There are 2 protein chains.
Amino acid sequence: MWRQPLHPIDRGVSKESALIEAMRALATHPAARALADDCAVLDFGGETMVLTHDMMVEGVHWLPGQDMADVAWKLVATNLSDLASKGAEPVGVLLGYTLDNDEDARFIEGLGAALATFGVPLLGGDTVSGNGPRSLGLTALGRATSHPVPDRRGARVGDVLWITGPVGAAMLGFEALRDGTAADSTAFRRPVPRLAEGRALAGMVTAMMDVSDGLLIDAARMADASNVTFAIDSASVAFPPALPATRRDEAMRWGDDYELLFCLPARSVPPIPAVRIGHAVARMATAVTVDGVPPEGRLGYSHD
Amino acid sequence: MWRQPLHPIDRGVSKESALIEAMRALATHPAARALADDCAVLDFGGETMVLTHDMMVEGVHWLPGQDMADVAWKLVATNLSDLASKGAEPVGVLLGYTLDNDEDARFIEGLGAALATFGVPLLGGDTVSGNGPRSLGLTALGRATSHPVPDRRGARVGDVLWITGPVGAAMLGFEALRDGTAADSTAFRRPVPRLAEGRALAGMVTAMMDVSDGLLIDAARMADASNVTFAIDSASVAFPPALPATRRDEAMRWGDDYELLFCLPARSVPPIPAVRIGHAVARMATAVTVDGVPPEGRLGYSHD
């Protein structure tokens, strides 16, 4: 789903931000959540459906030559991660696929593996042939398990900021894959959406999202949506053991780890393993501080 | 949504057919309807949701240089046409969009026009940047208004075959646009899904689909799904007044008109304007006959 554009002070107005502003004028239905959340949240029948759609483009979201089984897995996992951030139970997916004779079988294998692993059926989709870079789209549907459905907009001053795991493993995995080293690339190739964690947390969080583009940029988005500032203590953030200490700042600006970032009231304790990394303070000029000062430079990925 | 591949005798096994066979093994949930229908049909919250996802690729589904407002309209209209074929009331759409600086404003204008005309909200989506031919995806959600939800598989021997309007207008519109003539290209550029007609028919049809790829090929698909043969009487088929009589056969093999093709029991009369064009007979070697003989050559579009 569209990522909430950052305040210009943090990021500058991008092409995508301008477009999303125009889209927002068309998205006045409450289910759209003003295009400011990870998912649409639609009352349907007597239940609540959670919906997301994400695209991936060859050369932008995956490396040329990468195993299409991994690409298929990631397409499923990233969309399910959006559902996880709402505490939703996956119901099914619809696939938009661009044919590629050589790689179709690998794609199907990875798609099947991901759907089986996460227990989600393929409900439909479409296939096209195209020239040039291929693109993929996936729509994931889920059933909300908790009401109200978690939102990015609910963090309050005094809340504690938590994350379900370390950041930086996907960065190391990407580098291993790109450079062909012996290091483990699984975290980049086969991310695991935190579905069970999302369901366990959904009823108690004040705000929640998945970290797809980088801890700092995604924390800034949740801060903007909630009109608070997150004071992050970098010594509390967890990193993979293989990460050199000199790269911790970089790891906080790299995406693709798909941990859940969430807020709880000060005295609450999460029912699943998680790391306490900061707290919400009254809104300042910047959406996040790290060790008391605004981070300099680019906060993370932007998907332009 | 995926179109049901034709029997090899009619069309030959295409790349897309082979892929859909592999997808089908992953689509065992009943909501997927074995990927043999225009939509997925999902029970959710005590109601029934109808879902479809279609893609469009530059140079394949639209002419280079075509007004992106028209492309946006068509993307919405073709997906809503799938909902119409199930008698569903549209609930919302999710958009997958590839950025294009020059054309974004036109795209948004056409998207807004289509959504307003058909009364459908934008619920979410994703935007990517890409190089080379751009691709678009749309997921449309609807609420079934009639149970059971119409299916392609229900036509019975003796049923009468009907269509909601003429075929060939989109073909003439395409040629006007391609050749820059003064003739009206609206039918190709701005198709109108038969939503009201679909709802009016849903409770009484034995089978229904929308004609997207051509009357003969789509009739053959419904015949295959229902295991009957449709005997079509070409003198009964309606064509636009501007179509030369010599091009009627061609018009029956051209798509993009988005009329609804449906079956009723022999003595039923549709509650909306429609043309009676044939009837279902016991399955023969070919899925359709025209004036008593199997049509030769290509039956219509295939989206490979």
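Chain letters run A, B, ... following the sequence lines, proteins first, then strands; residues in each count from 1. Basis for what follows: all heavy atoms, side chains included, without hydrogens, waters or symmetry-related copies. Keep in mind that what you see is a predicted model, and the values were worked out from it rather than measured.
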What are the residues of residues 141-149 of chain A, in order of number, with any heavy atom under 4.5 angstrom from a heavy atom of chain B? L141(A), G142(A), R143(A)
For the candidates T48(A), T28(A), V41(A), which exhibits the highest count of non-hydrogen atom pairs separated by less than 4.5 Å from chain B? T48(A)
Looking at chain B, which one of L115(A), L42(A), D43(A) has the largest number of heavy-atom pairs inside 4.5 Å, strictly under? L42(A)
Got a sec, which pairs hit salt bridge (Lys or Arg N to Asp or Glu O under 4.0 Å) with one end in residues 68-81 of chain B, sequence neighbours left out? D70(B)-R189(B), D70(B)-R190(B), K74(B)-D256(B)
Do you know which of P133(A), A31(A), G45(A), C39(A) has the most heavy-atom pairs under 4.5 Å to chain B? G45(A)
Going by ring pair (Phe, Tyr, Trp, His ring centres under 6.0 Å), name the pairs with one or both residues in residues 121-142 of chain A, residues two or more places apart or in two chains. none
For T98(B) and M55(A), the nearest pair of non-hydrogen atoms, with its separation, is OG1-CE, 4.0 Å
Can you list the residues that meet the side chain to side chain donor-acceptor pair (under 3.5 Å) rule with S135(B), with sequence neighbours excluded? S135(A)
Check whether any side-chain heavy atom of L122(A) lies under 4.5 Å from a side-chain heavy atom of H29(B), and answer yes or no. no
Given a strict heavy-atom distance threshold of 4.5 Å, which part of I108(B) is in contact with chain A: side chain, backbone, both, or neither? both
Closest contact, heavy atoms only, F44(A) versus V91(B): CE1-CG2, 4.2 Å
Evaluate the side-chain proximity of D104(A) to M23(B): yes if any heavy-atom separation is below 4.5 Å, no if none is. no
Heavy-atom distance under 4.5 Å between the side chains of Y97(A) and L19(B), does that happen here? yes
Most contacts with chain B, counted as non-hydrogen pairs under 4.5 angstrom, among P121(A), G59(A), G92(A), A25(A): P121(A)
L94(B) versus L51(A): any side-chain heavy-atom pair under 4.5 Å? yes
Going by heavy atoms in the side chains, are V60(A) and V128(B) under 4.5 Å from each other? no
L123(B) versus A40(A), closest heavy-atom pair with distance: O-CB, 3.4 Å
All heavy atoms of H53(B) vs all of D126(A), minimum pair found to be O-CB, 3.2 Å
